Asker: 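Just dropping this structure here.
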Amino acid sequence: MVTIYDIAAKAGVSAMTVSRVINNTGKISDKTRAKVRRVMEELNYVPNHMARSLVLQQSNLLFLLITDITNPFYTTLARGAEDAAKKYGYRLLFGNSDESVDKEKDYVDTILATRADGVLVAPAGDPSLPHLETLRKHQVPFVLLDREVPGMDSDVVLGDSKEGARKLVDHLTSQGHRRIALINGSPHISSARLRLEGYREALKLNDLAYDDAYVLETAFEPRSDLSEIESWLDRMSPLPTAIVAGNNVLAVEVIRTLHDRGIRVPDRISVVCFDDLGPYSEIDPFLTVIAQQAYQFGYLGMQMLVERIQERGETGLPWKKIVLPADMIVRRSVSAVEGII
């Protein structure tokens, strides 16, 4: 069996250097690291992860817990996280909470059982606080993605939800829209709260009145039953000329509901939303969106997590917060109000 001493002898370095390359620790030049890895490949060296985890009390496993794997935003985010994890020598496990606090708790139990070195998590919402406290109690480093949780200080990567909502409303008002509705996520989710704030501020800045009847706070996840959206449309009188959706899933469901009623988008009602639709947008670019940097959410979040793992044991280190700007992509889902029938 090939040992680190065999690799060290062939590469002309110390066994300690080989160990540091394998464990991705210490300061080693890129040239030396590449030479050691080349020798490892030549000798077909396979690290004994179980033995190494017992010695270092590290598993080299990281966990990514997201809320909706079917959403292209999270799919792209996961790709960024996986690429960064591989770069730093970690294997990545995935979990999907479906916006469920109960499922999230089960995954936290799994994370503890697998002895993952750290967690990248998009929390289900404010009720996730006890789960994060459990991770902290067991000294499992974590970084929050897309959402903050009141009462929990941590590293976090966010989008500028408030500014994004303002941009969407401003674009609609520039096209003459005065009756602008909002379908949004739960008020127990920080990003949804910020999007509502941005929507309200933009209305005020454009001399438009806020009307509770024009706002629906619901779940961000997909659903087969569209009756809640149908009831909301029935309550609005008159109907809005434009709808802002808090994410791409809600935008698609609104368009489906309007289509079932014979209401064409954007001929009668314009629709805009947060987050693009991934490859579907390339096939038929239709929705005007605030496109968040999904890949960077995952990649930067993973970088922050690895840094926090490597700093484990050090006290007093400040928490880091990254807010990623988003771009508005104007497409065909908005008509000028003069063109609305």
Side-chain angles (χ1 to χ4, degrees), residues 66-75 96-104 122-128 146-147 161 165 168-169 172 177 179-200 203 209-278 280-281 284 286-290 333-335 340-341:
I66 55 179
T67 60
D68 181 9
I69 193 61
T70 65
N71 187 327
F73 170 77
Y74 284 115
T75 306
N96 177 55
S97 72
D98 284 323
E99 302 279 4
S100 165
V101 178
D102 291 335
K103 283 189 69 174
E104 186 177 77
D126 297 352
S128 299
D146 190 40
R147 303 169 179 182
S161 289
L168 289 173
V169 173
L172 292 170
H177 292 274
R179 298 195 307 274
I180 302 171
L182 171 70
I183 181 170
N184 199 20
S186 164
H188 299 300
I189 296 174
S190 64
S191 57
R193 289 195 295 271
L194 289 169
R195 288 166 194 179
L196 176 59
E197 286 182 26
Y199 164 80
R200 296 189 69 155
L203 291 181
Y210 173 82
D211 186 343
D212 280 332
Y214 277 65
V215 175
L216 175 62
E217 293 179 309
T218 181
F220 270 140
E221 73 265 20
R223 73 207 77 197
S224 56
D225 184 2
L226 300 176
S227 59
E228 184 182 23
I229 299 175
E230 292 171 350
S231 297
W232 177 55
L233 292 173
D234 289 337
R235 292 195 301 271
M236 288 188 284
S237 181
L239 280 173
T241 61
I243 297 175
V244 176
N247 75 352
N248 46 18
V249 172
L250 292 175
V252 170
E253 291 181 344
V254 163
I255 291 173
R256 282 173 53 202
T257 308
L258 293 174
H259 180 268
D260 290 345
R261 293 182 169 218
I263 299 174
R264 294 175 59 86
V265 176
D267 296 1
R268 288 181 59 191
I269 296 181
S270 296
V271 176
V272 297
C273 71
F274 273 82
D275 300 324
D276 216 344
L277 294 176
Y280 305 109
S281 296
D284 183 16
F286 175 70
L287 270 173
T288 290
V289 300
I290 287 293
S333 65
V334 175
S335 286
I340 296 175
I341 298 173

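Predicted, not measured: the structure shown is a model, and the values here were computed from it.
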Asker: Measure across Leu250 and Ile183 and return the closest heavy-atom pair with its distance rounded to 0.1 Å.
Answerer: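 Minimum heavy-atom contact is CD1-O, 3.8 Å.
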Asker: Can you see which heavy atom on Glu104 is nearest to which on Pro123, and at what distance?
Answerer: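 It is OE2-CA, 3.4 Å.
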Asker: From Ser97 OG over to Glu221 CD, what is the distance, rounded to the nearest 0.5 angstrom?
Answerer: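 Spacing of OG (Ser97) from CD (Glu221) equals 9.0 Å.
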Asker: Taking all non-hydrogen atoms of both residues into account, name the closest pair between Pro240 and Tyr214 and its distance.
Answerer: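 Heavy-atom minimum between the residues: CB-CE2, 3.8 Å.
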Asker: With salt bridge (Lys or Arg N to Asp or Glu O under 4.0 Å) as the criterion, how do Arg147 and Glu99 come out once you've worked through the C-alpha distance, each side chain's angles and the decisive distance to 0.1 Å?
Answerer: CA-CA 12 Å; Arg147 303 169 179 182; Glu99 302 279 4; 2.8 Å; yes
Asker: After noting the C-alpha distance and the side-chain angles of Phe73 and Asp276, does the key distance pass the side chain to side chain contact (heavy atoms under 4.5 Å, CB included) rule?
Answerer: CA-CA 7 Å; Phe73 170 77; Asp276 216 344; over 6 Å; no
Asker: Measuring from Arg195:CZ to Asn247:CG, what's the distance to the nearest 0.5 Å?
Answerer: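 It comes to 7.0 Å.
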Asker: Considering all heavy atoms of both residues, which atom of Ala181 and which atom of Trp232 are nearest to each other, and what is their separation?
Answerer: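 That would be CB-CZ2, 3.7 Å.
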Asker: Over all heavy atoms of both residues, which pair between Ile66 and Ala122 is shortest? Give the atoms and the distance, please.
Answerer: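 Residues Ile66 and Ala122, closest heavy atoms: CA-CB, 4.2 Å.
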Asker: Atom CZ in Phe274, atom OG in Ser191: separation rounded to 0.5 Å?
Answerer: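 So the gap between those two atoms works out to 8.5 Å.
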Asker: Go through the steps to decide whether Val252 and Leu277 satisfy the test side chain to side chain contact (heavy atoms under 4.5 Å, CB included), and finish with yes or no.
Answerer: CA-CA 9 Å; Val252 170; Leu277 294 176; 4.1 Å; yes
Asker: Any side-chain heavy atom of Arg193 within less than 4.5 Å of one from Asp126?
Answerer: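 The answer is yes; the side chains approach within 4.5 Å.
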Asker: Using every non-hydrogen atom in the two residues, find where Ile69 and Thr75 come nearest and quote the distance to one decimal.
Answerer: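 Scanning both residues, the minimum pair turns out to be O-OG1, 3.0 Å.
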Asker: If you define the side chain from C-beta out and look only at heavy atoms, does anything of Cys273 sit under 4.5 Å from Val289?
Answerer: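 A side-chain contact exists here, since the closest heavy-atom pair is under 4.5 Å.
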Asker: Looking only at atom types and distance, does a side-chain atom of Glu253 sit under 3.5 Å from a main-chain N or O of Leu226, one as donor and one as acceptor?
Answerer: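 Answer holds: no.
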Asker: For side chain to side chain contact (heavy atoms under 4.5 Å, CB included), just list the numbers for Asn248 and Leu287, CA-CA rounded to whole Å, side-chain angles, deciding distance to a tenth of an Å, and then say yes or no.
Answerer: CA-CA 9 Å; Asn248 46 18; Leu287 270 173; 5.6 Å; no
Asker: Do Leu258 and Val271 come close enough that some side-chain heavy atom pair is under 4.5 Å?
Answerer: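 They are in contact (side-chain heavy atoms under 4.5 Å apart), so the answer is yes.
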Asker: How about CZ on Arg256, more than 12 heavy atoms from neighbouring residues, nucleotides or ligands closer than 6.0 Å, or not?
Answerer: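 Yes - once you tally the heavy atoms of other residues, nucleotides and ligands closer than 6.0 Å, there are more than 12.
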Asker: With distance as the sole test, does Asp68 use its side chain to make a donor-acceptor pair with the main-chain N or O of Asp98 at under 3.5 Å?
Answerer: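 No; judged by distance alone, with no hydrogens or angles, the pair does not exist.
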Asker: Please walk me through it: do Asp234 and Arg261 pass salt bridge (Lys or Arg N to Asp or Glu O under 4.0 Å)?
Answerer: CA-CA 11 Å; Asp234 289 337; Arg261 293 182 169 218; 2.9 Å; yes
Asker: For Tyr199, which of Asn184, Leu182, Leu194 qualifies under side chain to side chain contact (heavy atoms under 4.5 Å, CB included)?
Answerer: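 Among Asn184, Leu182, Leu194, the one that satisfies the side chain to side chain contact (heavy atoms under 4.5 Å, CB included) with Tyr199 is Leu182.
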Asker: Enter the distance from Ser161:OG to Asp146:CG here, rounded to the nearest 0.5 Å.
Answerer: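 It comes to 6.5 Å.
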Asker: Can Thr70 and Val249 be said to form a side chain to side chain contact (heavy atoms under 4.5 Å, CB included), step by step?
Answerer: CA-CA 9 Å; Thr70 65; Val249 172; 5.5 Å; no
Asker: So, taking the atom named CD1 in Ile243 and the one named CG in Leu233, what distance separates them when rounded to the nearest 0.5 Å?
Answerer: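 That separation rounds to 6.0 Å.
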Asker: Can you tell me if Asp102 and Ser100 form a side-chain donor-acceptor pair at under 3.5 Å?
Answerer: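 Judged by distance alone, the side chains do not pair up.
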Asker: Taking Glu217's backbone N and O only, do any of them form a donor-acceptor pair with Ser186's side chain (distance below 3.5 Å, no angle check)?
Answerer: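 Not confirmed, Ser186 side chain does not pair with Glu217 backbone.
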Asker: Any chance you could measure Leu168, atom CG, to Ile180, atom CD1, to the nearest 0.5 Å?
Answerer: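 Taking CG in Leu168 and CD1 in Ile180, the distance rounds to 10.0 Å.
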Asker: Within the structure provided, determine whether Glu228 and Arg223 are in side-chain contact (heavy-atom separation under 4.5 Å).
Answerer: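 Yes, side chains in contact.
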